[in-house]
Novice: 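Take a look at this one; I'll ask things after.
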Amino acid sequence: MNVSISLPMPARRGRIDLSRPIFVVLVLVLSLLVVLPLFWLGYYSFLDQNGQFTLANFSSLVTDPTLRRPFLTALGMALGVGVLSCIIATPLAWLVARSDLPGRTAIRALVTASFVTPPFLGAIAWEILAAPNSGLINVAYRSLFGLQPYEYLVDIYTFEGLVFAIACYTFPYIFTLVVNALERVPSDLEDASSMLGGRLSVTLRRVTIPLVLPAILAGTMIAILQALTMFGSPAIIALPAGFHVITTKIWSLFQYPPKPGLAAAAALPLLIVTVLLLWGQARILGRRGYTTLGGKNSDPRIAKLGRWRWLAIAFVVTVLLLTVLLPYAALLKTALTRTVAEPLTWSSFTLHHVNFVFFEFSATQLALRNTFLLGFLTATIGTAIALVIAYLVTRRSVPGSQVLGYLATAPVAVPGIVLGVGLFLSYSNPSLMLYGTLWILLIAFLTIEMPAGYQQLSSAFKSVHPELEEASRILGGNRMTTLRLITAPLLRSNVIATWCFVFIGTIRELSATILLTTSETKLVSVIIYDLNESGDLGAISVLGIMLLVISFAVVIIANRLPVLGGQRLPVAR
Amino acid sequence: MINRRTVLHGALVSSLALFSAGGTAWAQAPAPYEPNQEMIDAAKKEGAVVWYTATDVQVAEKVGKAFEAKYPGIKVQVERSGAERVFQRISQEYGSGIHKADVIETSDAVHFILFKRQGWLQQAVPTDVAKSWPAAAKDPDGHFAAYRAHLSVIGYNTSQVKKEEAPKSHADLLDPKWRNRMVKAHPGYSGTIMTGTHALSEALGWEYLEKLAKQRIMQVQSSTEPPKKLAQGERSVMADGNEYNMFMLKETGVPVEIVYATEGTPIAIGHSGILKNTPHPNAAKLFYAFLFSRETQQLISDEGGLRSFHPEVKEKEGRTPLSQIKILYSDPVKLEPMIEDIKKKYEVNFGT
């Protein structure tokens with residue numbers, strides 16, 4: 001009987017729509033990831049050193065200049081990074097996606113290299129390059145112009161130096177999003193503009209840029225928030241320069257005698273700023289529609305640069321030199337000479353640091369294994385969760401699905417170091433002891449990477465017109481089937497990009513990690529930081545180059561794997 | 001909630017826990033021990049020892065390797081960070097009931113007062129310590145003993161600064177010609193520098209540090225770092241930093257020179273102890289005795305440039321013997337309640 005009923009309508013087999021139970025599970029999972037640590041943070045922000053209720057933590061945020069100043073400095077720094085990254089990334093993205101500039105594939109690869117580089121490693125490389133006296137650039141500058149010792153061209157140990165050193169490694173966020181968007185902007189709109197007599201610049205200003213504005217804004221917001229919550233680079237550059245940003249200040253509150261209540265309170269203004277930023281972004285974008293990938297599409301227009309070509313090449317070379325080529329050359333040189341000051345010659349060449357890292361330093365192997373294990377797990381689980389959330393939210397498939405979006409974006413407001421504290425408080429009690437295991441790190445990384453993953457995928461979803469999904473639904477597929485069979489394949493390149501984003505984000509994470517690792521769960525980022533504290537630049541360089549090579553290999557393989565859909569999906573027609 | 005509070009107090013607000021715990025019944029020092037075959041066999045069965053240390057990583061790894069060579073089959077896991085990070089970590093771990101460390105060593109003598117009060121250390125006295133260590137360099141109850149001592153010295157890069165022009169005293173560092181030329185480590189991060197800052201503030205007063213702060217100093221964290229910045233030529237003079245790193249650099253031909261200031265040089269005593277809940281009890285005792293043996297003390301003196309309390313250790317040629325240096329001591333018992341105040345004052349003056 002039953003069989004005969006189900007037979008006539010095989011297409012309707014999957015009628016039970018799983019999106020509601022999945023929604024509930026996701027709300028629970030995200031709450032666990034996000035709300036629980038935030039709850040304990042909020043709780044502790046009202047406690048004094050003796051565990052009594054107090055408001056003193058909040059009042060000292062206003063009254064204590066040693067807390068107020070780092071906060072303002074950090075805001076200035078983050079905005080600076082946002083603007084600078086945007087200025088670097090947007091033209092670069094346009095040149096790569098839409099112009100006839102030679103070597104575009106190589107440019108992409110090098111930008112990926114800068115993205116793969118952990119910012120703290122970049123900051124260390126820039127110390128080697130631009131420290132006022134020993135910095136290689138300054139040494140070259142002095143010998144070139146025959147100047148006195150102590151004369152210098154650039155000083156990385158300044159506020160501007162810090163902004164620069166961070167922007168070098170945050171601009172790829174904007175670049176990647178904008179390139180993706182530019183490749184999807186249908187050329188018919190631009191064709192229309194040029195047919196109506198619009199010159200290239202007019203078309204750019206009136207059509208192309210407005211169309212990719214969501215991507216530019218989303219990227220800039222990520223860059224600003226990354227900078228605001230970053231710990232490694234400021235610790236390496238700001239502390240020697242004699243100033244704190246809010247993250248390093250919070251970190252210093254955990255030095256003896258620790259003040260977790262004050263640290264928790266100091267994190268709250270960051271939360272407010274983030275909410276304001278998100279709100280501002282929503283206001284700017286308003287209700288305008290930005291669908292750029294519909295059921296039918298045409299190839300993007302390629303602009304001929306003509307006489308602007310050389311200017312474009314100069315721009316690209318400068319950017320790549322500053323963000324990738326020079327820093328890695330500096331690391332390579334440092335890895336192979338005894339001290340930073342020596343030039344690389346046959347007599348100063350040494351494998352001492354390589355030998356130390358691989359054969360004498362007992363932490364290397366364990367840290368490498370942990371780092372890549374966590375990278376894979378976080379990327380895979382994180383992307384899967386982010387994909388489902390982005391789908392449910394952008395298609396508003398379940399009432400209240402917006403909640404998921406807020407939950408998935410909320411961790412962005414929590415500096416890694418504060419999240420580290422929150423997680424430590426949540427998972428170090430006897431009934432749930434995750435501190436000291438890799439699990440707590442996995443939870444930390446999933447939480448930290450969720451906003452970036454979600455933002456990426458949801459902006460991708462927004463660019464896919466629902467018409468294709470609607471077709472699938474009309475033909476009887478339920479939401480999850482549609483997501484699996486229609487939407488995910490359409491967004492395959494975005495999904496892979498997100499996987500790589502999360503993977504790279506994980507292996508370069510330092511700020512939460514630094515409070516959550518123990519001797520058996522250490523990661524490469526932490527041993528690099530420890531080595532930096534003791535000034536072992538040679539060993540850092542060896543580890544850093546190795547980290548780059550391995551992560552780059554992973555990214556390439558992920559992009560080439562045939563199971564994952566090969567290099568680039570054919571544009572849906 | 002009560003449960004959670006306890007965890008917090010034990011862990012992050014370790015200050016509180018440490019200060020309020022108190023009242024542990026202290027016994028007399030136990031009888032000295034010497035590693036015997038039985039202990040060695042048991043240790044081999046355990047197979048590993050975990051050492052939390054603040055000694056320079058290259059030196060620490062050498063000590064580990066020497067132990068592994070002497071007792072094959074027992075792996076030494078070296079966990080090196082700055083003293084305050086080691087402290088932060090052990091507080092987090094013991095507060096959460098995680099017992100991974102066997103032997104601990106930091107350059108901040110205050111830590112061991114706190115560890116002992118908290119009851120985190122077990123009593124153990126190797127024969128070498130019982131026989132040769134001066135009473136001032138060990139705990140009367142046998143919880144810890146001075147594994148090493150080192151000075152926090154002034155130094156300069158000899159290719160940038162001529163000997164005649166080099167500073168001779170702390171007062172000389174206030175000369176405007178050193179503005180923008182100096183590097184210095186941080187008392188919030190480094191136990192050595194905390195001890196040194198305390199000793200200097202007692203000897204010269206805070207006015208000295210206030211004036212020093214106006215010299216636009218490059219601020220690094222660990223006391224192992226200023227010598228390396230000198231070696232790089234990034235800064236010409238270091239206001240403080242480890243003597244042992246200077247020895248190591250100087251002896252490999254790097255152009256740096258040590259200055260023992262006329263006002264005196266602060267000394268930092270680095271204690272070591274066995275943790276109460278050691279996961280490898282025999283290996284821990286074996287390693288602990290090994291740390292104080294003549295051979296290891298000679299090794300850390302030769303390779304690490306550390307000062308030893310072992311009377312049979314011979315200082316390398318070219319190093320000024322401790323007896324010829326004016327030393328500034330800091331009393332850890334007096335320092336302990338002042339730490340927060342010193343950090344605060346330091347941040348107001350130096351910016352971080």
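Every chain is numbered from 1 and lettered A, B, ... according to where its sequence line falls, protein lines coming before strand lines. Given the structure is predicted, the values throughout are model-derived calculations rather than measurements.
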Novice: Nearest 0.5 Å, please: how far is CD in Q92(B) from OG1 in T517(A)?
Specialist: 8.5 Å
Novice: Is the count of non-hydrogen atoms from other residues, nucleotides or ligands lying under 6.0 Å from R68(A) atom CZ greater than 12?
Specialist: yes
Novice: Given heavy-atom pairs under 4.5 angstrom as the criterion, report whether the side chain, backbone, both or neither of P149(A) touches chain B.
Specialist: neither
Novice: Chain A: which of R181(B), K62(B), R80(B) shares the most heavy-atom pairs with it under 4.5 Å?
Specialist: R181(B)
Novice: Report yes if some heavy atom in the side chain of V220(B) is under 4.5 Å from a heavy atom in the side chain of L239(A); otherwise report no.
Specialist: no
Novice: Non-hydrogen atoms of chain B under 4.5 Å away: do they reach the side chain of L531(A), the backbone, both or neither?
Specialist: side chain
Novice: Where does Y189(B) contact chain A at under 4.5 Å (heavy atoms): side chain, backbone, both or neither?
Specialist: both
Novice: Indicate the atoms forming the closest heavy-atom contact of R235(B) with N133(A), along with that distance.
Specialist: NH1-ND2, 3.4 Å
Novice: Mind jotting down which residue pairs meet the salt bridge (charged side-chain N to carboxylate O under 4.0 Å, His left out) criterion with at least one end in residues 89-101 of chain B? Sequence neighbours excluded, please.
Specialist: E79(B)-R89(B), R89(B)-E93(B)
Novice: Which value, rounded to the nearest 0.5 Å, describes the distance between I98(B) atom CD1 and T437(A) atom OG1?
Specialist: 8.0 Å
Novice: Looking at every heavy atom in both T352(B) and G242(A), which two are closest together, and how far apart are they?
Specialist: CG2-C, 3.6 Å
Novice: What do you reckon, is CZ of F359(A) surrounded by more than 12 foreign heavy atoms closer than 6.0 Å?
Specialist: no
Novice: How about Q58(B) and F361(A): do any of their side-chain heavy atoms sit closer than 4.5 Å?
Specialist: no
Novice: Please check if the side chain of E234(B) supplies one atom and the backbone of S134(A) the other of a donor-acceptor pair under 3.5 Å.
Specialist: yes
Novice: Just wondering, do E340(B) and K259(A) contact through their side chains at under 4.5 Å, heavy atoms?
Specialist: yes
Novice: Using heavy-atom distances under 4.5 Å, tell me whether K184(B) contacts chain A through its side chain, its backbone, both, or neither.
Specialist: neither
Novice: Are there over 12 heavy-atom neighbours, none belonging to Y152(A), within less than 6.0 Å of that residue's OH?
Specialist: no
Novice: Can K344(B) and D64(A) be counted as an ion pair, charged N to O under 4.0 angstrom?
Specialist: yes
Novice: Taking the side chain as every heavy atom from C-beta outward, state whether D536(A) and K228(B) have any pair of such atoms under 4.5 Å apart.
Specialist: yes
Novice: Do I514(A) and R85(B) touch side chain to side chain, with heavy atoms closer than 4.5 Å?
Specialist: yes
Novice: Please list all pairs meeting salt bridge (charged side-chain N to carboxylate O under 4.0 Å, His left out) that have one or both residues in residues 239-255 of chain A, counting only residues at least two apart or in different chains.
Specialist: K249(A)-E347(B)
Novice: What part of I527(A) is in contact with chain B, defined as an atom under 4.5 angstrom from a non-hydrogen atom: side chain, backbone, both or neither?
Specialist: neither
Novice: Measure distances from Y157(A) to the heavy atoms of chain B and classify the residue's part below 4.5 Å as side chain, backbone, both or neither.
Specialist: side chain
Novice: Considering only heavy atoms, which portion of V526(A) lies under 4.5 Å from any heavy atom of chain B: side chain, backbone, both, or neither?
Specialist: side chain
Novice: Looking at H186(B), K65(B), Q219(B), which one has more heavy-atom pairs under 4.5 Å with chain A than the rest?
Specialist: Q219(B)
